[in-house]
Amino acid sequence: MNRIWPSWLSSLLVTVLAFLIGMAVVCVAARQDEDIARSQALADASDRGNAVKVTIDRALSSTYALSAMVRQGHGQLDDFDAYARALMTYYPGVMSLQLAPNGVVRQIYPLKGNEKAIGHNLLADPARNKEAFMARDSGEMTLAGPFPLVQGGMGAVGRMPVFLSRERGVPPVFWGFAIALVRFPDVLQSAGLDWLPRRGYRYRLWRQHPDSHQIQVLASSEHEATPLAEPVPYTINMANGTWTLDVEPRDGWRNPRHLVINTLLVLLISGLLGWLAWQMGELRRNRAELALLVALRTRALEQETSDREAAEHAALAETMRQAALLQTASDGIHILDEEGRLTECSPSFAAMLGYSETEMHALRLQDWDSTVSTGELQRLLHDTSGLGVRLETRHRRKDGSMIDVEVNAKPVTIAGRLYVYASARDISERKHAEQLLRIAATAFEAQEGMVVTDCHTTILRVNGAFSKITGYGADEVVGQKISLLQSGRHDAAFYQRMWQSLQELGAWQGEIWNRRKNGEVYPEWLSISAVLAEDGSVSHYVGTMSDITQRKAAEDKIKRLAFYDPLTQLPNRRLLLDRLQMALEVCQHHARTGALLFIDLDNFKTLNDTLGHDKGDRLLQEVAQRLNECLRPGDTVARLGGDEFVLMLEGLHQDPAQAVLQTRAIGQHVLEALARPYPMLGDLHHNTCSMGAVLFDGHDNSVEELLKRADLAMYQAKGAGRNTLRFFDPEMQEAVSARAELESALRRGLQQQEFQLYYQPQVDADGRVTGAEALLRWQRPEHGLVGPASFIPLAEECGLIVPLGEWVLHTACRQLAAWAEDPATAGLELAVNVSARQFHQSSFVEMVRNALMRSGAPARRLKLELTESLLLQDVDDTVRKMNLLKQDGVCFSLDDFGTGYSSLAYIKRLPLDQLKIDQSFVRDIDSDANDVSIIRTIVALAGSMQLQVIAEGVETASQRRFLLEQHCRAFQGYLFGRPMPVADFMTLLAAQRY
């Protein structure tokens, strides 16, 4: 017959089940940590990937400058090496520059190491040079590569098609290609990829070749560019396809140390639970054996004190009793002979097996229990201990189903023969109940905390997980109210809704803040179920809880990464846009008014460049703290990026005039707060800000439009002198749009050669033309001829003044060279204005020398006109550059003298040749005595310093006469001629000769 399961088997099952549940929890936690690490790695990869694209695009933009010079020279670039050498200093990462007229490479710098490329025809093989054909047909620059270089490493080629306009109205003609070769990883140095290893990452930048589909590795943090195991990929869309930046942590996504520690903890807890299960099983077995031993011993004593007569009477009484038991016993009583045949049984035993009483007489033991062998039956028959056997087994019913039974059997002697007297009890329901109890006990001691209360919320029982979560032992909380755990963070309405749900639905679940024994408040996920009695009333409540502190922390971390600036901990642009959209909807539906304040720190770039980025970061953090202190309840401050912040004010007065006053008061408070000294930067550093403001009421306003208007107002504040507040003006929007259109047209005009030089005569005391000043004009389509006053300030601001000034200088030098070839004009001088931004370029001296050398113009006839504002920046560098050009023979004139911050201390250091009296002094000579005194002073100063002097803006004979009386011998103005094309200027010279 089957034995009861041993205690060690139950213990093993409990251990295995606990280990499996614990490992599932460990794996889920490890996966959550890995997801957070991958999100951060993707953010870092996108940042460096965008930097790679900007770096490559900047290096390849050298082809734009090279193609512009080819178009300017109408297809000729004589001093290619000098120009290419200068360009390569501006574009780090460019390995070589090439020119390919008609697709054939003719010029390369540097030539050394690239000699084999000379004569290569890019348009000879469409299959190998398909990018060249694509560039020629589309008119846009194409990128070929990357590919292995002979010099080592990987490289890529950018090809810019060059088209020349022969005549007006005729479409441009394809001339050839301007080519830039970049080398990896040199071109990627400024992209900052080495920042990734410092962050603990390994990276690999690669692309798949579109034809061979092989992997090309462009840059890698490892010596061998092997693929990464489980990288986070970030795709970069380049001109010739998609590049991929793979990033993964150097130590992998998972932390093996944490995993091993957690696994050992799970293993330890599982072992303890298994040991407890084994102890409970052994205790139950020992109790059963002790009860059986007492009963058997009692019967043995009774039998020892009886004699034969008593035994016979007892046997007769036992026989009668057994007969009565057979008929009335609820247990299945049955008697077996020595062969295992059924000799007698009770009706209950026949009903238990599903047979009729007649069918039972033909049965043997093997028919309902095949597990008992003949040998075991014989050992039971000859058992002289008198104790019998008690065991649990399974009986087979007539229909083949099996039932669990408990059997008590012992040998008896009837009429001198041995029999087995046995009783069987159906324990199927008990076994099922025990199984349910084991499951319930296992579930009760699961990882989640569990608590059972009565209908009055008095705690009756808790499990170990409850004690681990709350810190209370079972003896400390049993008999206490469940309200012992309340944190005080929820109001009465919260608990009212909870009990209403329990009464109506019988259950409630949700997040709740409770308090541990040590006073710590923590978040938990709580589920409560009501247990109903037979009459339908609530008898108990069962609650399950889990500590979600880590999950909440992870959620908060992800939310902070997504919606908050990591440096200042302020909301970022994404969160600001979301809150601003909500504010617009509230204003629209509830007739409220709000305002945006756009804040930009003044001269922040100067601070970064002088004190370092760490000081800049500390300043930004202090600014964020001061802005928070200026906020009202319900307002929002956010950092858009860099040194730009935005304040969103809500709940302002419905009257726009009152709302403006409120906004201005808050803005003034912010200006004063940010203007206070910053002691943490040393020497009590001061910093101010410029602020733009715009009101909103939710009508006809979009989020992006509001930010745009506030930004425009901020720039108006900067233009007003900084450290001030300006409100948005609709006319300012029109001005900005017009400025953007003008900038676009200016760039297009430079590429399509829409600019011309006009020449205004300069004469001596006798009225003889001695030279001219080159003045820039723009032949703008659909607008006619445009003067420099309408576009030069914009060119200065957007940086186009540098290529524009370079074009002016080259064009003027070519005109000087043409004059030098004719004896009649060889003595003419040509004055060219130089902007401050152009002059302070590191290659300015080389650019002037290159223009003179390429054109063949005489340097002594070139006069560069500088302004006083230009001289104020780095006087030592200015003097050095002027002396270098002075050695070549170039002359210098100080333009607009007297209108700026003139200082004799630095003027005397400058190698000047001429002072130019500004036309503002000449204009009012006849009516303003101050102008007369200023002109006399300037002429006297020039004479004392042995400098020439020229007056501009001379328009009347009386002005010329006065200037002659003051010993001024050079003039320029409408009295002698307006600015004119070179053909008209040559006509004027010819008329003067005759």
> Can R722 and T724 be said to form a side-chain hydrogen bond (donor to acceptor under 3.5 Å, both in side chains), step by step?
Replying inline: CA-CA 5 Å; R722 306 176 188 269; T724 187; over 6 Å; no

> What do the steps show when you test V660 against F727 for side-chain contact (heavy atoms from CB on, under 4.5 Å), and what is the final call?
Replying inline: CA-CA 9 Å; V660 168; F727 280 83; 3.8 Å; yes

> Given the rule in the side-chain hydrogen bond (donor to acceptor under 3.5 Å, both in side chains) test, do D44 and Q40 qualify, once you have shown the distances and angles that lead to the verdict?
Replying inline: CA-CA 6 Å; D44 293 338; Q40 181 61 50; 3.2 Å; yes

> For K708 and E704, what are the C-alpha separation, side-chain angles and deciding distance, and is it a salt bridge (Lys or Arg N to Asp or Glu O under 4.0 Å)?
Replying inline: CA-CA 6 Å; K708 182 178 179 181; E704 294 296 340; over 6 Å; no

>> Pair V834, F844 - check side-chain contact (heavy atoms from CB on, under 4.5 Å), show working.
In response: CA-CA 10 Å; V834 177; F844 176 74; 3.8 Å; yes

>> Is there a salt bridge (Lys or Arg N to Asp or Glu O under 4.0 Å) between R592 and D697? Walk through the geometry before answering.
In response: CA-CA 6 Å; R592 297 180 181 175; D697 57 7; over 6 Å; no

>> Pair S835, E796 - check side-chain contact (heavy atoms from CB on, under 4.5 Å), show working.
In response: CA-CA 8 Å; S835 72; E796 286 272 8; 2.8 Å; yes

>> Run the salt bridge (Lys or Arg N to Asp or Glu O under 4.0 Å) test on D194 and R198 for me, step by step, so that the C-alpha distance in whole Å, both residues' side-chain angles and the decisive distance to 0.1 Å come before the verdict.
In response: CA-CA 7 Å; D194 56 346; R198 293 198 300 271; 3.5 Å; yes

> What do the steps show when you test V521 against N514 for side-chain contact (heavy atoms from CB on, under 4.5 Å), and what is the final call?
Replying inline: CA-CA 6 Å; V521 176; N514 275 340; over 6 Å; no

> When you look at R626 and E622, which way does the salt bridge (Lys or Arg N to Asp or Glu O under 4.0 Å) test go after all the steps?
Replying inline: CA-CA 6 Å; R626 295 186 183 186; E622 178 66 19; 3.0 Å; yes

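Heavy-atom minimum distance, M691 versus G667: CE-O, 3.6 Å. Summarising the geometry of L725 relative to A693, their closest heavy-atom pair is CD1-CB, 3.8 Å, with the distance given to 0.1 Å. L584 and S702 get closest at one heavy-atom pair: CD1-C, 4.2 Å. The two residues A624 and T568 make their nearest non-hydrogen contact at CB-CB, 3.7 Å. Scanning both residues, W508 and L526, for their nearest heavy atoms gives CZ3-O, 3.7 Å. The two residues C587 and F696 come nearest to each other via the heavy atoms SG-CE1, 3.8 Å.
A donor-acceptor pair under 3.5 Å links the side-chain atoms of D635 to the main chain of E650, judged by distance alone. T663 places a side-chain N or O within 3.5 Å of a backbone atom of A659 that can act as its donor or acceptor partner. Proximity of a side-chain donor or acceptor of R639 to a complementary backbone N or O of G642 within less than 3.5 Å is detected. Y678 places a side-chain N or O within donor-acceptor distance of the main-chain N or O of L674, the cut-off being under 3.5 Å. A distance-only check finds a donor-acceptor pair linking the side chain of S39 to the backbone of D35 [under 3.5 Å]. Side-chain atoms of H686 do not come within 3.5 Å of backbone N or O of R676 as any donor-acceptor pair. Remark: the backbone N or O of G519 is paired with a side-chain donor or acceptor of R515 at under 3.5 angstrom. Checked by atom type and distance alone, the side chain of H669 never pairs as donor or acceptor with a backbone atom of A665 at under 3.5 Å. Without hydrogens or angle criteria, T63 side chain to L60 main chain gives a donor-acceptor distance under 3.5 Å. Between the side chain of N50 and the backbone N or O of S46 there is at least one donor-acceptor pair closer than 3.5 Å.
The line from CD1 of I36 to CZ of R31 is 12.5 Å long, rounded to the nearest 0.5 Å. Summarising the geometry, atom CZ belonging to F645 is positioned 12.5 Å from atom CG belonging to L576; distances are rounded to the nearest 0.5 Å. Considering CD of Q752 and CZ of R747, their distance stands at 14.0 Å, rounded to 0.5 Å. Rounded to the nearest 0.5 angstrom, Q581 CD and L577 CG are separated by 9.0 Å. Here the straight-line distance linking atom CD1 of I512 with atom OG of S487 works out to 7.0 Å at 0.5 Å rounding. Rounded to the nearest 0.5 Å, atoms OG1 (T606) and CG (N608) are 9.0 Å apart.
Seen from the ring of F563, R573 does not count as a face-on cation partner, given the 6.0 Å and 45° thresholds.
Ion pairing of K53 with D57 is present here, as a side-chain N (NZ or NE/NH1/NH2) and a carboxylate O approach within less than 4.0 Å. One finds no salt bridge joining R551 and E524 here, because no Lys/Arg side-chain nitrogen approaches an Asp/Glu carboxylate oxygen to under 4.0 Å.
More than 12 heavy atoms of other residues, nucleotides or ligands shown are found within 6.0 angstrom of CD on E629. Residue-environment remark: CZ (R632) exceeds the threshold of 12 foreign heavy atoms within 6.0 Å.
None of N603, N723, D602 except one satisfies the side-chain hydrogen bond (donor to acceptor under 3.5 Å, both in side chains) rule with T688; the exception is D602.
Looking at heavy atoms from C-beta onward, T636 lies out of side-chain contact with L580 at the 4.5 angstrom threshold. Residues L750 and R748 fail the side-chain proximity criterion, which asks for heavy atoms closer than 4.5 Å. Using a 4.5 Å cut-off on side-chain heavy atoms (C-beta onward), C689 and L671 make contact. Put simply, the side chain of D246 does not reach to within 4.5 Å of the side chain of V232, judged on heavy atoms. A 4.5 Å side-chain heavy-atom check between I599 and M714 finds every atom pair outside the cut-off. Looking only at side-chain heavy atoms (C-beta outward), P781 and E754 come within less than 4.5 Å of each other. At least one side-chain heavy atom of L866 sits less than 4.5 Å from a side-chain heavy atom of F839. Side-chain contact between E644 and F598: present, with at least one pair of heavy atoms (C-beta onward) separated by less than 4.5 Å.
Side-chain polar atoms of D600 and S690 form no donor-acceptor pair below 3.5 angstrom.
For F755 and F791, the ring centers sit closer than 6.0 Å to each other.
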